[in-house]
Amino acid sequence: MSKGLPKRSEDYSLWYNELVKKADLAENSPVRGCMIIKPYGFAIWEKMQAKLDQMFKETGHSNAYFPIFIPKSYLSKEADHIEGFAKECAVVTHYRLKQAEDRSGLVVDPEAKLEEELIIRPTSETVIWNTYRNWIQSYRDLPLKLNQWVNVVRWEMRTRLFLRTTEFLWQEGHTAHATREEAKEETLKMLQVYTDFVQDYMAIPVIQGIKTESERFAGAVDTYCIETLMQDGRALQAGTSHFLGQNFAKAFEVKFATREGALEYVWGTSWGVSTRLMGALIMAHSDDKGLILPPRLAPIQVVIVPIFKNEEQLEAISAAVQGIVHQLKERNISVKYDDRDTHKPGWKFAEYELKGVPVRIAMGPRDLENSTAEIARRDSSEKQTCNQQDIGSTVQHMLSGMHNSIYQKALKFRDQNITTVDSYENFKEVLDTRGGFVRAHWDGTIETEQRIKDETKATIRCIPINEEAKAGICIYSGKSSSQQVIFAKAY
RNA sequence: CGGGGUGUAGCUCAGCCUGGUAGAGUACUGCCUUCGGGAGGCAGGAGCCGAGAGUUCGAAUCUCUCCACCCCGACCA
């Protein structure tokens with residue numbers, strides 16, 4: 001393991017890239033734009049998955065699986081949907097390879113051309129709604145609330161590990177309802193599930209909002225989102241929940257008989273979060289020493305490092321450590337005892353700081369004499385000496401305190417970096433100097449939004465849904481505006 | 001697809017201008033001393049110098065062609 005990480009203040013982007021690699025989260029794959037998620041990175045993703053999956057089940061959803069291949073014709077059925085995804089689809093055209101004539105390798109067998117080309121799912125609305133047509137006949141079949149954990153492919157031009165990759169992992173929920181109200185309620189309920197998860201588990205504050213027409217999901221009536229702010233002042237969309245109206249039901253002829261016997265189109269929603277959350281997790285909290293993981297998602301919550309000169313010392317320390325491990329496991333705290341003699345304590349300290357392990361316990365001969373241990377917090381770098389018998393409770397308090405502490409820190413940062421502006425001059429100045437979220441009045445037109453984007457690279461992240469709408473004047477056009485919206489430069 | 005850059009040890013790179021036995025740091029292997037914040041010494045293994053063609057007695061180095069990757073722009077969760 002090489003030493004040192006670039007400093008955030010010097011090159012934030014490089015810091016992120018290096019951190020992802022050095023903390024053993026992920027690396028680039030032989031295929032451009034794809035990533036190899038390493039065991040440590042995947043362990044974090046698994047913890048996210050486990051909690052989210054539980055939350056989905058608790059809100060009445062079931063998991064299912066739909067195929068990765070989608071007939072090309074399906075994509076064409078919803079007009080806006082084609083528009084949004086056509087440009088980034090990977091397409092399967094053949095089903096066989098053969099030996100080249102000159103034996104130089106394998107070539108695509110031109111004889112094996114598919115009758116209908118298949119696209120690799122960029123999202124699964126089409127195949128799912130095509131299936132829902134067969135599953136839904138009556139109001140008794142509704143609501144239908146499914147989720148799937150899968151990979152999807154969107155052929156991106158520029159990629160970055162976790163933040164934007166050609167293939168990524170996500171979950172996509174797809175629900176069907178009898179009424180508009182119920183579907184809207186579902187859309188907002190899942191937005192709230194995401195909000196709770198990101199705030200309570202990832203320790204990142206969010207702004208809930210609704211997307212403008214140009215940022216809306218292709219095929220949705222409304223797209224709701226949660227927006228987060230990274231340490232460099234750029235925004236990151238952490239999750240989206242779409243109210244699909246009857247768009248897909250109409251495209252795929254999904255109708256149901258009402259209680260009264262009338263035939264009506266079904267109302268739909270879809271919602272997803274992806275491995276991009278890993279990017280948010282990394283960028284929201286970590287420092288120049290490495291990752292800072294919120295305790296509830298850390299694969300290892302506590303690491304114990306023995307400090308010893310010889311075999312006898314190690315044995316004596318190990319015996320005392322067993323009691324500590326027991327105390328921690330009793331409290332469902334995940335703990336790793338690193339008694340390797342191949343690395344020195346200082347090396348291990350740096351290593352676990354790089355990997356964001358929330359609490360480190362060090363125990364050496366001096367501690368052994370005093371029945372103590374040294375406990376260090378990753379987020380604040382504070383160290384304290386603790387009696388061995390109190391370690392379980394001390395660590396437990398420390399972990400929950402740490403969650404609150406990093407959340408509060410992120411919240412304070414976020415709030416300090418929301419700037420309200422009343423003029424375009426001021427708007428540009430804020431974007432150029434401090435970045436962050438910029439709250440401003442907007443006249444509601446695509447033209448204004450586009451011009452601002454072209455001139456400043458800032459986009460409308462969302463129209464907040466938890467703020468009182470106050471009328472005003474658009475900073476760009478001077479026309480009337482019904483509400484302030486949130487602008488930012490975004491990932 | 002435009003504009004710029006880079007390909008040499010697992011990784012980061014020097015060497016190229018001015019052709020002459022393939023280098024450093026780090027990582028790796030072994031031994032000794034160390035061990036409360038990324039230790040030190042000694043020894044060792046490691047390379048089709050991106051690919052092909054050319055010039056030359058001789059090419060990592062000069063010439064040409066190709067390929068790959070990275071950065072900056074146009075698209076996006």
Side-chain angles (χ1 to χ4, degrees), chain A residues 1-6 11 13-14 17-18 21-22 27-33 83-89 121-123 151-160 162-172 194 211 214-218 220 223-228 235-242 270-280 289-290 305-311 313-314 317 339-355 360-370 372-376 381 383 385 453-454 457 459 461-462 490-491:
Chain A
M1 182 61 56
S2 51
K3 305 172 192 178
L5 202 57
D11 191 338
S13 177
L14 186 64
N17 293 340
E18 289 295 307
K21 288 177 196 155
K22 290 194 166 146
E27 62 188 47
N28 287 301
S29 83
V31 177
R32 187 191 130 80
E83 195 67 23
F85 287 106
K87 282 174 287 182
E88 51 191 47
C89 284
R121 62 179 163 225
T123 180
N151 59 340
V152 289
V153 167
R154 296 180 189 175
W155 213 265
E156 301 288 352
M157 306 268 186
R158 297 200 57 206
T159 58
R160 289 187 77 192
F162 291 121
L163 295 173
R164 176 166 294 106
T165 46
T166 297
E167 179 194 28
F168 57 95
L169 306 183
W170 77 345
Q171 58 70 217
E172 43 179 326
Y194 289 154
K211 288 290 188 188
S214 58
E215 297 277 331
R216 188 185 295 157
F217 173 73
T223 288
Y224 291 86
C225 61
I226 48 175
E227 293 288 329
T228 61
L236 189 134
Q237 177 179 302
T240 50
S241 183
H242 314 292
S270 67
W271 27 274
V273 293
S274 70
T275 35
R276 180 180 243 202
L277 287 179
M278 292 285 293
K289 288 196 288 188
V305 177
I307 293 153
F308 58 96
K309 286 196 173 86
N310 52 48
E311 196 69 23
Q313 278 189 350
L314 177 60
I317 292 166
D339 61 353
R340 288 178 296 173
D341 61 2
T342 50
H343 295 284
K344 291 180 56 185
W347 190 93
K348 292 177 186 174
F349 291 176
E351 177 73 3
Y352 291 109
E353 278 162 5
L354 183 61
K355 291 194 160 188
R360 179 189 72 228
I361 298 174
M363 193 189 287
R366 285 206 300 272
D367 291 303
L368 213 51
E369 272 178 41
N370 305 327
T372 58
E374 180 195 78
I375 307 183
S381 298
K383 291 179 190 175
T385 300
K453 182 179 174 182
D454 292 343
K457 297 208 165 77
T459 52
R461 300 321 303 153
C462 68
Y491 276 100

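Throughout, a chain's letter reflects where its sequence line sits, starting with A, and its residues are numbered from 1.
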Requested in this report: Count the heavy atoms of every other residue, nucleotide or ligand shown that sit under 6.0 Å from CD of A/Glu27, and state whether that count exceeds 12.
Outcome: yes
Query raised in the report: What's the CG-P distance between A/Leu5 and B/C11, to the nearest Å?
Result: 19 Å
Report task. List in chain and number order the residues that pass side-chain contact (heavy atoms from CB on, under 4.5 Å) with A/Arg164, two or more places apart in sequence or in another chain; answer none if no residue qualifies. Result -> A/Glu156, A/Arg276
**Report entry** Integer angstrom distance from the P of B/G4 to that of B/A51
**Finding:** 25 Å
Query raised in the report: Shortest non-hydrogen contact from A/Thr228 to A/Ala238?
Result: CG2-CB, 3.9 Å
Query raised in the report: What do you reckon, are the aromatic ring centroids of A/Phe217 and A/Phe85 less than 6.0 Å apart?
Result: yes
Query raised in the report: Taking only side-chain nitrogens and oxygens of A/Lys289, does any of them come within less than 4.0 Å of OP1 or OP2 of B/G37?
Result: no
Requested in this report: Quote, to the nearest angstrom, the C1' distance that separates B/U29 from B/C13.
Outcome: 23 Å
Report task. Going by the side-chain hydrogen bond (donor to acceptor under 3.5 Å, both in side chains) test, name the single residue among A/Lys211, A/Gln237, A/Glu215, A/His242 that passes it with A/Thr223. Result -> A/His242
Query raised in the report: Got a donor-acceptor contact below 3.5 angstrom from the A/Thr372 side chain to the A/Thr385 backbone?
Result: no
Query raised in the report: So, is A/Arg158 close to the B/C76 phosphate, meaning a side-chain N or O under 4.0 Å from OP1 or OP2?
Result: no
**Report entry** Integer-rounded Å distance: B/G37 P and A/His343 NE2
**Finding:** 17 Å
Report task. In whole angstrom, give the distance that lies between atom CD of A/Glu215 and atom C1' of B/C75. Result -> 12 Å
**Report entry** Which nucleotide in B/C75, B/G38, B/G36 has an atom nearest any side-chain atom of A/Glu374
**Finding:** B/G36
Requested in this report: Among B/G38, B/C76, B/C35, find the nucleotide with the atom closest to the side chain of A/Arg164.
Outcome: B/C76
Report task. Provide the distance between the two P atoms, one in B/G30 and one in B/C69, to the nearest whole Å. Result -> 37 Å
Query raised in the report: What's the CZ-P distance between A/Phe308 and B/C35, to the nearest Å?
Result: 12 Å
Requested in this report: Rounded off to whole Å, could you give me the CZ-to-C1' distance for the A/Arg32 and B/C71 pair?
Outcome: 11 Å
Query raised in the report: Looking at B/G37, B/G36, B/A77, which one has an atom nearest to any side-chain atom of A/Glu156?
Result: B/A77
Query raised in the report: With rounding to whole Å, what would you report as the distance between B/G45 and B/A9 at their C1' atoms?
Result: 11 Å
Query raised in the report: Would you find more than 12 non-hydrogen atoms of other residues, nucleotides or ligands less than 6.0 Å from A/Trp155 atom CH2?
Result: no
Requested in this report: Identify which nucleotide among B/A74, B/C35, B/G38 has an atom closest to any side-chain atom of A/Met157, counting heavy atoms from C-beta outward.
Outcome: B/A74
**Report entry** A/Thr165 and A/Arg160 side chains, donor-acceptor separation under 3.5 Å
**Finding:** no
Query raised in the report: How far, in whole Å, is B/G58 from B/C62 if one measures between their C1' atoms?
Result: 13 Å
**Report entry** Inter-nucleotide P distance (B/C70, B/A27), Å rounded
**Finding:** 27 Å
Query raised in the report: When only distance counts, do a donor and an acceptor, one from the side chain of A/Lys348 and one from the base of B/G36, lie under 3.5 Å apart?
Result: no
Query - Per A/Pro365 side chain, nearest of listed nucleotides B/C69, B/G36, B/G38 - result: B/G36
Query raised in the report: Looking at A/Lys344, does any N or O in its side chain come under 4.0 Å of the phosphate oxygens OP1/OP2 on B/A39?
Result: yes
Report task. Under 3.5 Å for both distances, Watson-Crick or G-U wobble, that's the pair rule; now give the dot-bracket for RNA chain B, with | marking pairs to another strand and [ ] for crossing ones. Result -> (((((((..((((......[..)))).((((((.....)))))).....(((((..]....))))))))))))....
Report task. Whole angstrom is fine here: how far is it from CG in A/Leu14 over to P in B/C72? Result -> 12 Å
Query raised in the report: When rounded to the nearest Å, what value does the distance between P atoms of B/G20 and B/C49 take?
Result: 16 Å
Report summary line: Out of B/G36, B/G38, B/C76, minimum distance to the side chain of A/Asp367 belongs to B/G36
Query raised in the report: What interatomic distance, in whole Å, is found between C1' of B/G37 and the corresponding atom of B/U12?
Result: 25 Å
Query raised in the report: Is a side-chain donor-acceptor pair under 3.5 Å present for A/Ser214 with A/Arg216?
Result: no
Query raised in the report: Can you tell which of B/G36, B/C35, B/G38 lies closest to the side chain of A/Lys309?
Result: B/C35
